[in-house]
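Below you'll find the structure, written out as structure tokens, and then a few comments.
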Amino acid sequence: NICEGAQVTLEAVTSNDANLGTPTYQWFANGQIIPGAVSSTYTYSPVTVDNDQTIYTYTVEVTYPESGCVITPATYANNVVTVDPNPVVVISGDNIVCENGIISLTANVTRGTALTYTWYNYNSVIAGQATDNLVINPAQVSIDQPNGVYSYTVVVNEGSACSAVSSPFEVTVNATPGVDVIITDDQICAGGTFNVAAQVDDWNAENLTYAWTANGAAISNTTASFNTTANVTTIYQVTVTQTTSGCVATGNATVTVNTPTVVMNAIANANICEGAQVTLEAVTSND
């Protein structure tokens with residue numbers, strides 16, 4: 001029993017060569033000539049038919065040209081080879097994640113039973129991962145890999161020696177964006193106009209969406225900045241999401257709405273003669 005891709009060595013041992021001359025050989029697999037298999041030993045790799053388990057029965061025809069003898073031995077049990085197809089494995093999962101997010105990949109296997117799994121990041125075995133699902137926890141997901149890219153492969157083995165190696169599956173880890181909320185004038189009177197803007201720390205970040213709230217209630221603005229008014233002190237919060245990786249950042253800022261008051265102090269001398277001076281004094285608050 002071998003796996004597809006393994007080698008079989010065929011060997012014929014003859015006798016009476018001294019009396020019969022120098023033999024020539026021709027090997028057969030399931031009654032069909034094996035091209036080029038014309039020596040007493042021959043090594044080759046049989047393949048499966050339609051990726052199904054395939055049985056080969058081997059025979060050899062030995063000819064002694066000088067004497068005209070032709071010998072075809074009977075088929076023996078040890079001339080039978082069973083070729084099992086190797087499993088085929090393809091990795092699937094998200095290929096873009098956020099720093100401190102979760103990497104979750106699946107080894108999708110066709111054919112094979114009693115499978116074992118060995119996962120690699122580049123050429124290093126990933127300890128503790130021995131199932132068809134690879135899960136890397138947030139604390140282990142960073143941008144410290146070369147260019148922030150992890151390259152995963154998985155080796156799948158059957159209970160026999162049959163195995164398969166997946167093609168590399170690359171996962172790009174994006175840094176979590178940081179965002180600051182900037183308000184052009186954060187001290188206003190009721191009804192005053194001002195601008196609110198989300199300033200992402202990486203101006204080159206792509207595929208961003210913006211969701212705003214004012215004092216916890218969602219508002220319709222979905223752009224990075226907008227002009228608005230307020231009648232009460234308001235906390236504006238933005239949630240910035242990078243749609244390709246799921247990276248999320250939040251930030252907030254407060255605009256304070258002031259209600260100024262004016263108090264006129266009493267005039268020191270309310271009765272005066274013409275030509276005398278009066279001092280008027282107003283005291284304001286929230287200047």
Point to revise | Selection residues 164-196 - residue pairs positive for disulfide bond (SG atoms under 2.5 Å apart), sequence neighbours left out | key: none
Exercise for review: Using the disulfide bond (SG atoms under 2.5 Å apart) rule, collect all pairs that involve residues 228-262, keeping only residues at least two apart or in two chains.
Suggested key: Cys98-Cys247
Exercise for review: Let me see the working for Ile34 and Tyr58 under side chain to side chain contact (heavy atoms under 4.5 Å, CB included), right down to the final yes or no.
Suggested key: CA-CA 10 Å; Ile34 303 175; Tyr58 296 102; 4.1 Å; yes
Nearest-0.5 Å distance, [atom1] of residue [X] to [atom2] of residue [Y]:
{"X": "Ile103", "Y": "Leu134", "atom1": "CD1", "atom2": "CG", "result": "7.5 Å"}
{"X": "Thr243", "Y": "Asn207", "atom1": "OG1", "atom2": "CG", "result": "4.5 Å"}
{"X": "Asp132", "Y": "Thr106", "atom1": "CG", "atom2": "OG1", "result": "6.5 Å"}
{"X": "Thr153", "Y": "Glu170", "atom1": "OG1", "atom2": "CD", "result": "11.5 Å"}
{"X": "Ile235", "Y": "Thr254", "atom1": "CD1", "atom2": "OG1", "result": "4.5 Å"}
{"X": "Asn157", "Y": "Cys162", "atom1": "CG", "atom2": "SG", "result": "9.0 Å"}

Is there any side-chain hydrogen bond (donor to acceptor under 3.5 Å, both in side chains) pair reaching into [range], and which pairs are they, with sequence neighbours excluded?
{"range": "residues 30-43", "result": "Thr9-Thr43"}
{"range": "residues 114-129", "result": "Asn121-Gln145"}
{"range": "residues 91-102", "result": "Ser92-Asn108"}
{"range": "residues 214-237", "result": "Asn195-Asn227"}

Quick one: hydrophobic cluster around [X], which other residues, with the 4.5 Å side-chain cut-off, linked directly or via members?
{"X": "Ile267", "value": "Met264, Ile272, Val278, Leu280"}
{"X": "Val70", "value": "none"}
{"X": "Val38", "value": "none"}

Okay, side chain of [X], backbone of [Y]: is any donor-acceptor separation there less than 3.5 Å?
{"X": "Glu66", "Y": "Thr22", "answer": "yes"}
{"X": "Asn147", "Y": "Val149", "answer": "no"}
{"X": "Thr131", "Y": "Asn133", "answer": "yes"}
{"X": "Asn258", "Y": "Pro260", "answer": "no"}
{"X": "Thr54", "Y": "Val83", "answer": "no"}

Side-chain contact, heavy-atom cut-off 4.5 Å: [X] with [Y]?
{"X": "Val179", "Y": "Val238", "value": "yes"}
{"X": "Asn137", "Y": "Val135", "value": "yes"}
{"X": "Thr256", "Y": "Asp186", "value": "no"}
{"X": "Val181", "Y": "Val196", "value": "yes"}

**Study point:** Residue pair Val255, Phe194: steps toward the side chain to side chain contact (heavy atoms under 4.5 Å, CB included) verdict
**Key:** CA-CA 9 Å; Val255 61; Phe194 52 94; 3.8 Å; yes
Review point. Any side-chain donor-acceptor pair under 3.5 Å between Glu4 and Thr48?
Key: yes
**Study point:** Any side-chain donor near an acceptor of the partner, Asp84 and Gln53, under 3.5 Å
**Key:** yes
**Study point:** Summary of ring pair (Phe, Tyr, Trp, His ring centres under 6.0 Å) pairs that have at least one residue in residues 78-104, sequence neighbours excluded
**Key:** none
Exercise for review: Check step by step if side chain to side chain contact (heavy atoms under 4.5 Å, CB included) holds for Leu105 and Val171.
Suggested key: CA-CA 10 Å; Leu105 305 178; Val171 178; 4.3 Å; yes
**Study point:** Stepwise side chain to side chain contact (heavy atoms under 4.5 Å, CB included) check, Leu208 with Val200
**Key:** CA-CA 10 Å; Leu208 301 178; Val200 180; 4.0 Å; yes
**Study point:** Atom CG of Asp52 with >12 non-hydrogen neighbours under 6.0 angstrom
**Key:** yes
Practice item. List for me each residue that meets side-chain hydrogen bond (donor to acceptor under 3.5 Å, both in side chains) alongside Tyr150, sequence neighbours excluded, and say none if there are none. Key: none
Review point. Quick one: ring pair (Phe, Tyr, Trp, His ring centres under 6.0 Å) partners of Trp27, sequence neighbours excluded?
Key: none
Check your understanding: If you group Ile, Leu, Val, Met, Phe, Trp and Tyr by side-chain heavy-atom gaps below 4.5 Å, do Ile126 and Val156 land in one group?
Key -> yes
